[in-house]
Protein chains: 2
Amino acid sequence: MGVSAASRVALLVLHSAPQPLRPPSVITGRGIAKPLPCLTCPAKAKNVCKPLEYDRQKELFQLGHQSKWEPRQFLFRAGSPAGPLFKIISGIVAVSKGLPDGRRQIIALVFPGDICGYTQINGQYVYDGEAITPVTACAFDRSRFNAFIHRNPDVADAMATLLQEKLERVRQHLTIVGQLTSTERLASFLSMLARAYSEHGFQVRPLVMPMKRSDVSEYLGLRTETISRAFTKLRKQRLIELDDDDSIIICDPIRLSRLGNAMD
Amino acid sequence: MGVSAASRVALLVLHSAPQPLRPPSVITGRGIAKPLPCLTCPAKAKNVCKPLEYDRQKELFQLGHQSKWEPRQFLFRAGSPAGPLFKIISGIVAVSKGLPDGRRQIIALVFPGDICGYTQINGQYVYDGEAITPVTACAFDRSRFNAFIHRNPDVADAMATLLQEKLERVRQHLTIVGQLTSTERLASFLSMLARAYSEHGFQVRPLVMPMKRSDVSEYLGLRTETISRAFTKLRKQRLIELDDDDSIIICDPIRLSRLGNAMD
DNA sequence: CGTTGGGTTGAGCTTGTTCAACCACCGTGG
DNA sequence: CCACGGTGGTTGAACAAGCTCAACCCAACG
């Protein structure tokens, strides 16, 4: 099953929320026509942007700029000076911690609407943030973003909620990695992925794998070979079907979720 | 090495910060002499209480009450209706997630000054909170605590910082459990413990184990036998010495920390 | 003084890792 | 157009890390 990143990604993008192409133009103070992309941004309804009406949204938007990354490009790197933080608009980012000897733990997958690159220690990023699909994101200037939060209590609230959710997800993740067997881990991972996909309006049947085996293995604390074997185990138990491209059909979501100890 | 919970705990308590015994009395509005224990509380300087001057501290204190728990008693249980949240004053609490089949993952050890029991979903606690030493804590009424936070932006700030720290610790923990070998995990655990102890003014030489092997195993995602073997491995490498009670001398903190991949 | 709870150790087993071969797919350059 | 190498995935065989089961020890306690 040799799937290129390109084809994997093409399938995924095909079903993600449509990108804003021609947002309505608005007139700025200086009389120049300038569209505010937020008006049609699919991530507008998520966390920090959610409570913002037009003026404040515009204010926030001007603290940063939108950029794009190709798969395998880094949005930020551990150890480098902490620059902007990112709100993902489309695509998926893997946030990971690398050990000196090359081992890596993926800490979280960041989906559209979520924020990453926020953690900094001694003025440096602590984790790597790598695009695993094509990614668009708003990159916000860190100190101005924080100042904005302090001026806007409702945004601070949204930020606190976001932190809480992140915390819950990592705790879940820890329990999975600490307690489950390889097959259970993969089962819970796939259930989680399916839930995340449906929440973000991606298609779930089939479910297009956003990442390669080695990413899954770094997420679950296993080796790629073990992931591969776990896949075939799930296939033989008729819980999933593996397409010849890299998409998956979950035949029995309930049993799959139960096998993963309902951690999704 | 049969160490009773009593002796383990006695040793630990011996060196923890002294408890307030007779805080200065103050006069309340109604003219009754009433001491505010916070004035001498060793956890006063930590997170939510830190920014509070006398009046607000008193206000917060009156949202709850102080209680004590013996080792192996639960402050809160997953699935039961979400009651108060707790700020630990002395002792250590293990917060854990249990799987239906009895497997358990300890999510965090909560030290004095820290808060636990905060997470709730659908009005229920999500985790178990178990005292592993004698514990004193302030139990705060949940909704009134949240209201208090909303009235006091500086406290909200402290709460956000606390969340951030918790998040970092869990991510660290996940990386340890996901990537390190059993001996490495124990090494990093002991380094972490030593750092936490010295931060809280507990003695570090010798370092008194606050918990039994089975707790350590549930923290690190291993079995008690593996923990035991890892201990003897570290001992044979002369990184630590095991006393016949359950205290540990870290002979070579630097090498120990390095063996744990400097995750402390 | 027997019982209980916690810790250690050994022997054998299971799970997951390592190493290697192999395949399918894709992009590149004769 | 085909030969080629590179990437990603699967599978097998040998191996090792960690788990299971059991025996045993020690200290505390009734």
Side-chain angles (χ1 to χ4, degrees), chain A residues 1-11 70-72 101-104 132-133 176-187 208-236 240-248, chain B residues 1-11 70-72 101-104 132-133 176-187 208-236 240-248:
Chain A
M1 234 179 263
V3 183
S4 74
S7 79
R8 191 198 314 283
V9 148
L11 278 162
E70 290 307 308
R72 302 299 137 187
D101 62 357
R103 284 178 281 184
R104 245 169 48 115
I132 59 177
T133 69
I176 288 166
V177 169
Q179 299 300 324
L180 305 194
T181 67
S182 60
T183 329
E184 290 173 326
R185 289 188 218 184
L186 183 58
V208 179
M209 282 296 282
M211 60 211 318
K212 36 185 192 163
R213 297 288 181 270
S214 65
D215 296 319
V216 181
S217 79
E218 287 177 341
Y219 185 89
L220 292 177
L222 297 164
R223 302 287 137 171
T224 67
E225 296 93 332
T226 309
I227 301 295
S228 194
R229 290 184 231 275
F231 263 115
T232 62
K233 238 181 224 173
L234 294 182
R235 193 162 43 76
K236 285 185 181 160
I240 61 170
E241 270 174 37
L242 290 172
D243 215 344
D244 49 345
D245 57 12
D246 213 20
S247 62
I248 291 165
Chain B
M1 235 177 260
V3 184
S4 74
S7 79
R8 191 198 313 281
V9 149
L11 278 162
E70 291 307 308
R72 303 297 137 188
D101 62 357
R103 284 177 282 184
R104 247 169 47 114
I132 59 177
T133 69
I176 288 166
V177 169
Q179 298 300 324
L180 304 194
T181 67
S182 59
T183 330
E184 290 174 326
R185 290 188 216 185
L186 183 59
V208 180
M209 283 295 282
M211 60 210 320
K212 39 186 191 164
R213 296 289 182 268
S214 64
D215 295 321
V216 182
S217 80
E218 286 176 342
Y219 185 88
L220 292 177
L222 298 163
R223 302 286 135 168
T224 67
E225 296 94 331
T226 309
I227 301 294
S228 195
R229 289 184 232 275
F231 263 116
T232 63
K233 235 181 228 176
L234 294 182
R235 191 163 44 74
K236 285 185 180 160
I240 62 170
E241 269 173 38
L242 289 172
D243 216 345
D244 47 347
D245 57 12
D246 212 22
S247 62
I248 292 166

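A, B, ... follow the sequence lines: proteins, then strands. Residue 1 opens every chain.
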d([atom1], [X]; [atom2], [N]) in whole Å:
X: B:Glu184; N: D:dA17; atom1: CD; atom2: C1'; answer: 12 Å
X: B:Gln179; N: C:dG16; atom1: CD; atom2: P; answer: 15 Å
X: B:Leu242; N: C:dG6; atom1: CG; atom2: P; answer: 18 Å
X: A:Asp246; N: C:dC25; atom1: CG; atom2: P; answer: 13 Å
X: A:Asp243; N: C:dA24; atom1: CG; atom2: C1'; answer: 15 Å
X: B:Leu222; N: C:dG16; atom1: CG; atom2: P; answer: 14 Å
X: B:Met209; N: C:dG7; atom1: CE; atom2: C1'; answer: 12 Å
X: B:Ile240; N: C:dT8; atom1: CD1; atom2: P; answer: 10 Å

Ring-face cation contact, A:Phe231 with A:Arg213, 6.0 Å cut, 45° max | yes

Taking side chain to side chain donor-acceptor pair (under 3.5 Å) as the test, write out the residues that go with B:Arg103, two or more places apart.
-> A:Glu184, B:Asp101

A:Ser214 meets the side chain to side chain donor-acceptor pair (under 3.5 Å) criterion, sequence neighbours left out, with none

Within residues 223-234 of chain A, find the residues that approach DNA chain C with a heavy atom at under 4.0 Å, and present them sorted by residue number.
-> A:Arg223, A:Glu225, A:Thr226, A:Arg229

Pairs touching residues 222-231 of chain A that satisfy salt bridge (Lys or Arg N to Asp or Glu O under 4.0 Å), sequence neighbours left out = none

Partners passing side-chain contact (heavy atoms from CB on, under 4.5 Å) against B:Ser228 (at least two apart in sequence or in another chain) | none

Could you list the residues that satisfy side-chain contact (heavy atoms from CB on, under 4.5 Å) with B:Glu241, not counting sequence neighbours?
-> B:Ile249, B:Cys251

